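The block underneath contains the structure these notes are about, expressed in structure tokens.
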There are 2 protein chains.
Amino acid sequence: MARRDTPQQRSIRDAIESAGRPLSVREIHELALEASPTLGICTVYRVLRRLLDDQLVTTVQLPGQADRYEATSLAAEQHHHFRCEECDRVFNIEALPSGPGSMLPPGFTLVGHEISLWGRCSECATPECATR
Amino acid sequence: MARRDTPQQRSIRDAIESAGRPLSVREIHELALEASPTLGICTVYRVLRRLLDDQLVTTVQLPGQADRYEATSLAAEQHHHFRCEECDRVFNIEALPSGPGSMLPPGFTLVGHEISLWGRCSECATPECATR
DNA sequence: CTAGTTGCAAAGCATTTGCCTGTGG
DNA sequence: CCACAGGCAAATGCTTTGCAACTAG
């Protein structure tokens with residue numbers, strides 16, 4: 001149960017913490033390889049799971065996209081996510097109530113947006129309908 | 001190139017058109033199996049692709065979720081998507097500018113929402129940076 | 001020491017493709 | 001007829017797991 005500190009984990013944590021934006025597993029792997037050249041992708045997945053368990057890292061899920069991960073400290077600030085269709089990078093965008101895209105950084109072009117909601121539907125909100 | 005009309009395709013189209021909400025591949029397969037008991041899942045994928053090519057069906061992508069599909073006629077109306085965490089079904093929610101969740105059907109409980117943006121970042125907006 | 005960690009290879013899972021049989025028009 | 005479709009099984013791509021070797025503490 002006790003967590004052990006290894007160079008591989010340090011490489012992965014460093015990659016996530018120094019990025020300043022949510023990273024995909026591939027991006028994390030590529031960045032961490034510079035410091036730990038033998039690092040396997042499966043170790044990235046395993047370390048990510050531990051970091052998620054320990055709440056040090058937060059999952060960023062976008063429509064139709066593989067999960068990204070960012071340091072929980074960064075995730076604490078209220079923001080939206082902007083994905084560049086060209087380079088596939090995801091950026092954090094300051095959240096403003098004045099509608100989507102109102103606070104894009106200079107030079108960014110908005111193509112589309114999606115508002116996704118989740119919770120319980122009326123059938124499942126009542127206890128006796130717990131059976132899907 | 002010419003499209004042929006087969007019972008399998010009719011079953012799949014019927015399932016999508018009569019649902020009134022976006023369906024997952026699994027849901028489409030299960031519904032269409034009632035009318036075409038030998039229908040294979042790979043045929044569902046192939047027919048879906050054809051329907052997407054012909055713009056008869058639209059993809060609905062939600063964060064961290066497998067793609068759903070709905071009739072393009074339904075998709076034309078401006079709406080958001082609500083996924084029930086219990087039964088995993090996705091519903092269409094009338095879009096209103098007055099903030100997320102303002103137009104939930106009676107009995108629905110909102111747990112969270114996410115606003116996703118996409119387009120071009122400043123680096124990729126300029127032609128010479130087309131290389132990711 | 002020794003339990004947690006790593007790296008490889010194999011297993012899962014969802015989706016796609018190859019290939020041969022079936023069939024709509 | 002025969003080109004498009006369907007069904008099976010194999011391939012793919014991403015993520016997870018089994019297992020033996022390794023190592024932090």
Side-chain angles (χ1 to χ4, degrees), chain A residues 1-16 22-70 83 88-90 132, chain B residues 1-16 22-70 83 88-90 132:
Chain A
M1 272 287 113
R3 294 291 142 89
R4 200 175 279 182
D5 192 29
T6 64
Q8 289 90 338
Q9 292 181 35
R10 248 170 280 133
S11 310
I12 292 171
R13 268 189 280 108
D14 286 351
I16 296 172
L23 298 180
S24 66
V25 171
R26 173 179 298 280
E27 286 173 319
I28 294 169
H29 187 214
E30 284 169 1
L31 283 170
L33 271 178
E34 293 170 17
S36 300
T38 68
L39 182 68
I41 189 90
C42 53
T43 299
V44 176
Y45 282 107
R46 269 188 288 223
V47 171
L48 272 177
R49 186 123 38 98
R50 272 178 236 143
L51 292 171
L52 288 169
D53 285 348
D54 296 347
Q55 316 255 319
L56 296 172
V57 157
T58 302
T59 306
V60 174
Q61 299 185 316
L62 299 176
Q65 291 297 307
D67 288 357
R68 319 289 165 115
Y69 303 88
E70 70 181 338
R83 187 181 75 95
D88 205 44
R89 289 181 300 181
V90 172
R132 72 192 312 264
Chain B
M1 273 285 115
R3 294 291 140 89
R4 201 174 279 181
D5 192 30
T6 64
Q8 289 90 338
Q9 291 183 37
R10 250 170 279 132
S11 310
I12 291 171
R13 269 189 279 108
D14 286 351
I16 296 172
L23 298 180
S24 65
V25 171
R26 173 179 299 279
E27 286 173 319
I28 295 169
H29 187 214
E30 284 170 1
L31 283 170
L33 270 178
E34 293 170 16
S36 300
T38 67
L39 182 68
I41 189 88
C42 53
T43 299
V44 176
Y45 282 108
R46 268 188 288 224
V47 171
L48 272 177
R49 186 122 39 98
R50 272 178 236 142
L51 292 171
L52 288 169
D53 285 348
D54 296 346
Q55 316 255 319
L56 296 173
V57 157
T58 301
T59 305
V60 174
Q61 298 185 317
L62 299 176
Q65 292 296 308
D67 288 357
R68 319 288 165 114
Y69 303 89
E70 70 181 337
R83 187 181 76 96
D88 205 43
R89 290 181 297 182
V90 172
R132 70 191 310 264

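Chain A is the first sequence line, chain B the second, and so forth, proteins listed ahead of strands; every chain is numbered from 1. The structure displayed is predicted, hence computed values, not measured ones.
Between Arg49(A) and the phosphate of dT17(D), there is a side-chain N or O to OP1/OP2 separation shorter than 4.0 Å.
Distance CG (Leu48(B)) to C1' (dT17(C)): 16 Å, rounded to an integer number of Å. Atom C1' of nucleotide dA14(C) and atom CD1 of Ile28(B) are separated by 14 Å, given to the nearest angstrom. Following rounding to the nearest Å, Arg4(B) (CZ) and dA3(D) (P) show an atom-to-atom distance of 10 Å. Rounded to whole Å, atom P of dC14(D) lies 12 Å from atom CG of Asp88(A). In this structure, Arg13(A) places its CZ atom 13 Å from C1' of dT5(C), rounding to the nearest Å. Spacing between atom CG of Leu33(B) and atom C1' of dG6(D) amounts to 14 Å, rounded to whole angstrom units. To the nearest angstrom, P of dA9(D) lies 15 Å from CD1 of Ile41(B). One atom, CZ of Arg3(B), and another, P of dA3(D), lie 17 Å apart when rounded to the nearest Å.
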Solution key, residues 24-31 of chain B side-chain donor-acceptor pairs under 3.5 Å, sequence neighbours excluded:
from, atom 1, to, atom 2, distance (Å)
Ser24(B), OG, Glu27(B), N, 3.1
Ser24(B), OG, Glu27(B), OE1, 3.4
Glu27(B), OE1, Ser24(B), N, 2.8
Glu27(B), OE2, Arg21(B), NH2, 3.2
His29(B), NE2, Leu39(B), O, 2.9

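For Thr43(B), there are no side chain to side chain donor-acceptor pair (under 3.5 Å) partners, not counting sequence neighbours. A search for side chain to side chain donor-acceptor pair (under 3.5 Å) contacts involving Asp54(A) returns Arg3(A), not counting sequence neighbours. For Arg46(B), there are no side chain to side chain donor-acceptor pair (under 3.5 Å) partners at least two apart in sequence or on another chain. Under the side chain to side chain donor-acceptor pair (under 3.5 Å) criterion, Glu70(B) pairs with His79(B), Asn92(B), not counting sequence neighbours.
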- [ ] For nucleotides 6-13 of chain C, just jot down a letter per nucleotide in 5' to 3' order: B, S or -, based on protein non-hydrogen atoms under 4.0 Å.
- [x] BBB-----
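Side chains of Tyr69(B) and Thr59(B) form a contact here, defined as non-hydrogen atoms less than 4.5 Å apart.
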